[in-house]
Amino acid sequence: MNAPITPYGGELCQLFVADEESQGIKAESIAYTSLELSAPQLCDLELLLVGAFSPLRGFMGRADYEAVLEHMRLADGTVWPMPIMLSVPLDRAEAIPEGGWVALRDAEGVMLARMWVQERWQPDLRREAQAVFGTLDPAHPGVARLLGQGQVAYLGGPIEGLEPPAHHDFRNLRRTPAELRHEFTRMGWRKVVAFQTRNPMHRAHKELTVRAASSAGANLLLHPVVGLTKPGDIDHYARVRCYQAIARSYPPGLMMLSLLPLAMRMGGPREALWHAIIRRNYGCTHFIVGRDHAGPGVDGAGRPFYDPYAAQELVQQYQDEIGIQMVPFQELVYVPARAQYMPQDEVPDGCEVASISGTELRRRMREGLDIPSWFTYPEVVAELRRLHPPRTEIGITLFFTGLSGAGKSTVANVLLAWFLELGQRPVTLLDGDIVRKNLSSELGFSRAHRDLNILRIGFVANEITKNGGIALCAPIAPYAAARRAVRELVSQHGAFIEIHVATPVDVCEQRDRKGLYAKARAGLIKQFTGVSDPYEAPEHAELVLDTTELTPEQAAQEVWLYLEREGYFA
């Protein structure tokens, strides 16, 4: 395949139509099919519209999609490592004809753009996951998100923008590629090194970015991601407050802070190359790439998904073609004898070094211990302490899952009484039958409806948890993907503790006071979990209980002892 020099850093593909044309499009859009975009899709749309994804002029068609999977290039040979399509549930997509406009709207129904549907096809998502992420392991968040969609179709075609997605936060920090380029020119910045982050920054990060800018003879753009990041990451509001605090410590005129509304895929080397291309479109000339850049951590067997230096090697391989120079992330350590940070390979023999890992930092936060001043700034510590209160103060979701009759609700009711007696936190029981009656009465028992029911429970549990309460959830929750989605949601704001009540189906059937199993085996109840519908047992539950030989109080005591061991009680 030919490999032409790419257009990155040249003219941007800004896709907004003129105001007068926009009014006409809105008037005629009454005849369009409308699609409400998810949060990650809104990120993709915004970066398409403002030119951050140049040279793309819309969502990819099938030829570009296939070329990206196979060669990390568009069909014309341009380097591009990440597929960008519009994913739609298959049953919805079948009603969208090729060769027509669709209106792209946000969650409030505002029409942001229209798309001419040139192509529609059903992808092989497993093949895509293997090509992009190099794995099918559901422990990879990108794989889990991709394969957890169910049956989908992809839509490809050009878009025309009417208005960008609305942002009401940090508006002075949200600069488009054109605005950043203009600002660089206005300030006389000829070389700009970009630093990507999705985590709070500390003194070592400040030191390495200053060193990187100095080595490149460049100014510095702090360009953190404020779209979708890794599940469990600190929310962007708190992170941006940390970035604003640390920005004041840089030498005057050296750096600028701007936010990037990107939906990360956590795709390791491919994603690092994608990040570099995006920064070139924003006007940067250099890009810092760290060890295991955009890596999601370890797989289900505890092994890293990607080689730690694979991202640096891939970006360096393509840097001349995409027009941005890779700057490797230096591993800095603090040397107390010199009261300074130094590259690890430059520390003199015999000198002790000090460091605090992410795990150690979280432990100190959780236990209220001191954070040394050499590690980070007081303003950052204050912000992190607000985000990481002691475990005795955070909200908790106890998520019981298991077959009907396993004992989930009974154990949850025992714990409800004990928590109310203790009186430390407000507590709410979200029992499966209660939720079905009061929150999901219109739902059936198809997989889609079961998943929707669990997501509703997760939404309520998350609201309880982030406000410091305890949510006791006791649905069957037979499918791993839905449980994982609830875990990802709740874990952002508190503790999520999955409890698999692993009582065997024959014991559950013996206890069945409602006769549900008998009706299911007689064919009177369809899609009954454990009889005619599968149950996907948790592989990484925090607790596993078999109530065959345990009384409800004994099972509840196991949960209580776990909470005490983990420090959730004072």
For [X] and [Y], work out which heavy atoms get closest and say how close.
{"X": "Ala311", "Y": "Ala272", "result": "CB-CB, 3.7 Å"}
{"X": "Lys191", "Y": "Ala216", "result": "CD-O, 3.5 Å"}
{"X": "Leu384", "Y": "Pro200", "result": "CD2-CG, 3.9 Å"}
{"X": "Cys13", "Y": "Leu56", "result": "CB-O, 3.8 Å"}
{"X": "Pro164", "Y": "Leu112", "result": "O-CD2, 3.8 Å"}
{"X": "Arg175", "Y": "Leu180", "result": "CD-CD2, 3.6 Å"}

Say whether, by atom type as modelled, one donor and one acceptor occur between the side chain of [X] and the main chain of [Y] under 3.5 angstrom.
{"X": "Trp80", "Y": "Met82", "answer": "yes"}
{"X": "Tyr306", "Y": "His293", "answer": "no"}
{"X": "Glu119", "Y": "Arg62", "answer": "yes"}
{"X": "Gln319", "Y": "Met326", "answer": "yes"}
{"X": "Asn281", "Y": "Leu12", "answer": "no"}
{"X": "Glu542", "Y": "Glu498", "answer": "yes"}
{"X": "Glu179", "Y": "Thr176", "answer": "yes"}
{"X": "Asn462", "Y": "Gly458", "answer": "no"}

Would you indicate whether the side-chain heavy atoms of [Y] and [X] approach each other to under 4.5 Å?
{"X": "Ile371", "Y": "Arg385", "result": "yes"}
{"X": "Leu257", "Y": "Pro224", "result": "yes"}
{"X": "His275", "Y": "Leu260", "result": "no"}
{"X": "Tyr65", "Y": "Glu128", "result": "yes"}
{"X": "Thr376", "Y": "Val381", "result": "yes"}
{"X": "Asp292", "Y": "Phe305", "result": "no"}
{"X": "Thr397", "Y": "Ile464", "result": "no"}
{"X": "Met266", "Y": "Arg198", "result": "yes"}

I'd like to know if [X] pairs up with [Y] as an ion pair, taking the criterion as any Lys NZ or Arg NE/NH1/NH2 lying under 4.0 Å from an Asp or Glu carboxylate oxygen.
{"X": "Asp44", "Y": "Arg265", "value": "yes"}
{"X": "Arg484", "Y": "Glu488", "value": "no"}
{"X": "Arg174", "Y": "Glu46", "value": "no"}
{"X": "Glu383", "Y": "Arg241", "value": "yes"}

Between Tyr334 and His202, does the ring centroid distance fall short of 6.0 Å?
no

Interatomic distance, [X] atom [atom1] to [Y] atom [atom2] [nearest 0.5 angstrom]:
{"X": "Leu15", "Y": "Ile159", "atom1": "CG", "atom2": "CD1", "value": "5.0 Å"}
{"X": "Ser87", "Y": "Leu146", "atom1": "OG", "atom2": "CG", "value": "8.0 Å"}
{"X": "Leu221", "Y": "Thr209", "atom1": "CG", "atom2": "OG1", "value": "11.0 Å"}
{"X": "Trp189", "Y": "Glu183", "atom1": "CH2", "atom2": "CD", "value": "8.5 Å"}
{"X": "Arg279", "Y": "Phe287", "atom1": "CZ", "atom2": "CZ", "value": "4.5 Å"}
{"X": "Arg126", "Y": "Leu136", "atom1": "CZ", "atom2": "CG", "value": "4.5 Å"}

Residues passing the side-chain contact (heavy atoms from CB on, under 4.5 Å) test with Ala247, sequence neighbours excluded, are Met255

For Pro252, enumerate each residue passing the side-chain contact (heavy atoms from CB on, under 4.5 Å) test, keeping only those at least two apart in sequence or located in another chain.
none

Tell me whether the guanidinium CZ or amine NZ of Arg181 lies under 6.0 angstrom from the six-membered ring centre of Tyr282 and within 45° of its axis.
no

NZ or CZ of Arg203 within 45° of Tyr377 ring axis and under 6.0 Å:
yes

Does the side-chain contact (heavy atoms from CB on, under 4.5 Å) test come out yes or no for Leu86 and Leu37, once each step is laid out?
CA-CA 9 Å; Leu86 187 60; Leu37 303 191; 3.7 Å; yes

Going by distance alone, is a donor N or O of one side chain under 3.5 Å from an acceptor N or O of the other, for Arg239 and Tyr243?
yes

Is a donor from one side chain sitting under 3.5 angstrom from an acceptor on the other, for His205 and Asn199?
no

Criterion side-chain contact (heavy atoms from CB on, under 4.5 Å) on Ile322 and Leu273, from CA distance to verdict:
CA-CA 9 Å; Ile322 65 176; Leu273 181 58; 3.8 Å; yes

CA sep, side-chain torsions, deciding dist, call: Glu70, Arg127, salt bridge (Lys or Arg N to Asp or Glu O under 4.0 Å):
CA-CA 10 Å; Glu70 294 295 327; Arg127 172 174 169 257; 3.0 Å; yes

Counting only heavy atoms not in Gln344 (residues, nucleotides, ligands), do more than 12 fall under 6.0 Å from its CD?
no

Checking Met264 against Lys230 for the side-chain contact (heavy atoms from CB on, under 4.5 Å) test, could you report, in this order, the C-alpha distance in whole Å, the side-chain angles of both residues, the deciding distance, and whether it holds?
CA-CA 8 Å; Met264 292 183 67; Lys230 183 180 176 181; over 6 Å; no

Does the pair Tyr250 and Lys206 meet the rule for a side-chain contact (heavy atoms from CB on, under 4.5 Å), with working shown?
CA-CA 8 Å; Tyr250 281 89; Lys206 182 269 183 87; 3.7 Å; yes

